[in-house]
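Notes for the one structure printed next.
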Number of protein chains: 2
Amino acid sequence: MSDPAHLLQAPSPNVFDSACPTRAILDRIADKWTVLLLILLARRTMRFNELRRGVDGLSQKMLSQTLKSLERDGLVTRTAYPTVPVTVEYAITPLGIDLAAALDGLRRFAEDRLPDIENARARFDAT
Amino acid sequence: MSDPAHLLQAPSPNVFDSACPTRAILDRIADKWTVLLLILLARRTMRFNELRRGVDGLSQKMLSQTLKSLERDGLVTRTAYPTVPVTVEYAITPLGIDLAAALDGLRRFAEDRLPDIENARARFDAT
DNA sequence: CAGTATCCACGTCGATACTG
DNA sequence: CAGTATCGACGTGGATACTG
């Protein structure tokens with residue numbers, strides 16, 4: 001009774017299986033622009049061009065594209081105010097906050113362990 | 001005295017600056033194959049073709065390429081045993097374990113929150 | 001088994017121009 | 001301000017073939 005057929009209809013999600021929907025999710029969230037934008041938005045709600053300035057090297061196209069994807073996935077919300085010219089605010093959702101917490105771990109690793117990595121590279125390249 | 005010149009020579013690392021070395025690090029670790037391989041290797045030491053089988057969809061070229069990069073960055077070690085045919089083991093390093101812990105957060109998010117994301121998408125696509 | 005080498009298709013991404 | 005549309009360069013990455 002530990003394995004009745006009806007319990008097998010939802011196989012446990014597994015990112016290592018390329019056919020598993022979770023794999024596609026992982027591919028999307030392990031994206032450089034997604035990482036940076038979500039970390040920024042976890043700090044505070046921001047406007048479109050504000051985000052553009054906040055992430056050095058991010059093109060308008062990729063910003064727009066990534067934001068749309070984030071919105072679709074329920075990670076951020078988009079709110080347009082009928083000012084002239086129009087004002088649009090992007091805010092993180094509770095789901096997004098969950099993810100941003102994990103993503104910020106990557107940022108911290110990169111910033112904290114930079115010296116270790118540079119040392120490792122120097123040693124590797126020396127041989 | 002809170003800002004003597006010699007203290008400014010090492011500006012605080014900032015992933016949002018495209019010129020900062022930490023940005024390049026982030027780009028490398030926020031890579032789909034890196035994420036999956038490091039999570040696997042955090043569980044146990046594995047051989048080349050074992051890793052290949054463990055990550056569905058990963059080509060030999062990308063595996064080889066990613067492993068070399070991970071080794072160079074001091075995240076994994078490569079050990080070849082003079083058997084016939086040759087046996088090569090990849091093991092995670094302490095630095096790699098640090099990163100893998102953060103990366104596994106991404107995997108857990110993907111696997112745990114898949115329903116939330118799918119719901120969000122359905123709602124978004126409905127409008 | 002554990003790679004390397006080559007070729008090339010495909011998609012990503014940036015640059016540019018235009019709009020409400 | 002906040003986008004969209006188009007185009008073309010570039011690099012990633014898969015397929016294939018070969019090697020110690």
Side-chain angles (χ1 to χ4, degrees), chain A residues 16-19 23-37 40-41 44-73 76-92 124 127, chain B residues 16-19 23-37 40-41 44-73 76-92 124 127:
Chain A
F16 297 104
D17 175 9
S18 65
R23 166 69 83 84
I25 302 289
L26 187 68
D27 290 353
R28 274 248 66 261
I29 64 184
D31 167 72
K32 56 193 279 193
W33 302 131
T34 296
V35 172
L36 293 170
L37 285 176
L40 268 190
L41 287 173
R44 66 178 178 82
T45 293
M46 293 176 89
R47 307 242 303 271
F48 186 86
N49 280 311
E50 202 175 3
L51 286 167
R52 187 152 155 57
R53 285 186 299 270
V55 181
D56 191 28
L58 172 56
S59 71
Q60 195 173 27
K61 177 185 174 180
M62 290 313 295
L63 174 57
S64 166
Q65 193 172 301
T66 307
L67 283 173
K68 201 171 299 178
S69 182
L70 291 176
E71 189 195 359
R72 184 170 111 96
D73 289 350
V76 308
T77 60
R78 195 195 97 112
T79 313
Y81 299 97
T83 54
V84 188
V86 64
T87 300
V88 179
E89 280 194 345
Y90 289 90
I92 201 165
F124 184 89
T127 62
Chain B
F16 298 104
D17 174 10
S18 64
R23 167 68 82 87
I25 301 289
L26 187 68
D27 290 354
R28 275 246 66 261
I29 64 184
D31 167 73
K32 56 192 280 194
W33 302 131
T34 296
V35 173
L36 293 171
L37 286 175
L40 269 191
L41 288 173
R44 66 178 179 83
T45 293
M46 291 176 92
R47 309 242 302 271
F48 186 85
N49 280 312
E50 201 176 4
L51 286 167
R52 188 152 154 57
R53 284 187 298 270
V55 181
D56 191 28
L58 172 56
S59 71
Q60 196 172 28
K61 176 186 174 180
M62 290 312 295
L63 174 58
S64 165
Q65 193 172 300
T66 306
L67 283 174
K68 201 172 299 178
S69 182
L70 291 175
E71 188 193 0
R72 184 170 111 95
D73 289 350
V76 307
T77 60
R78 195 195 97 111
T79 312
Y81 299 97
T83 54
V84 189
V86 63
T87 301
V88 179
E89 281 195 345
Y90 289 90
I92 201 164
F124 184 89
T127 62

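Below, read A as the first sequence line, B as the second, and so on, with proteins coming before strands; counting in each chain starts at 1.
- Separating the CG atom of B:D27 from the P atom of C:dC13 is a distance of 10 Å, rounded to the nearest angstrom.
- A:Q65 comes within 4.0 angstrom of nothing in the nucleic acid, heavy atoms only.
- The structure places CG of B:L40 at 10.0 Å from CD1 of B:I92, a figure rounded to the nearest 0.5 Å.
- Across all strands, A:Y81 comes closer than 4.0 Å to no nucleic acid atom at all (heavy-atom distances).
- Nearer the 5' end of DNA chain C, as judged by each residue's closest nucleotide, is the contact made by A:K32, out of A:K32 and A:P85.
- A distance of 9.5 Å separates OG1 of B:T45 from CD of B:E50, quoted to the nearest 0.5 Å.
- One axis for each end of the helix from C:dC1-D:dG20 to C:dG20-D:dC1, each built from five base pairs, and the angle between them comes to 50° at 10° resolution.
- Summarising the geometry, atom CG belonging to A:D31 is positioned 11.0 Å from atom CG belonging to A:L26; distances are rounded to the nearest 0.5 Å.
- Put simply, the side chain of A:T127 gets close to the backbone of A:F124: a donor and an acceptor are under 3.5 Å apart.
- The structure places CZ of B:R53 at 12.5 Å from CG of B:L58, a figure rounded to the nearest 0.5 Å.
- Spacing between atom CZ of A:R52 and atom P of C:dG14 amounts to 10 Å, rounded to whole angstrom units.
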Criterion side-chain contact (heavy atoms from CB on, under 4.5 Å) on B:F16 and A:L36, from CA distance to verdict:
CA-CA 7 Å; B:F16 298 104; A:L36 293 170; 3.7 Å; yes
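- Of the possible polar contacts, one joining the A:R23 side chain to the B:D56 backbone as a donor-acceptor pair under 3.5 Å is found.
- The OH atom of A:Y90 lies 8.5 Å from the CG atom of A:L51; values are rounded to the nearest 0.5 Å.
- Note: CE (A:M62) to C1' (C:dT12) measures 7 Å, nearest angstrom.
- Nucleotides of DNA chain D with any atom under 4.0 Å from a heavy atom of chain B span, from 5' to 3', D:dG13 to D:dG20.
- In this structure, the separation between CZ on B:R72 and CZ on B:R28 is 9.5 Å, given to the nearest 0.5 Å.
- Along DNA chain C, the nucleotide nearest B:E50 and the nucleotide nearest B:K61 are compared for position; the residue whose nucleotide lies closer to the 5' end is B:E50.
- Rounded to a whole Å, the CG atom of A:L58 is 16 Å from the P atom of C:dT12.
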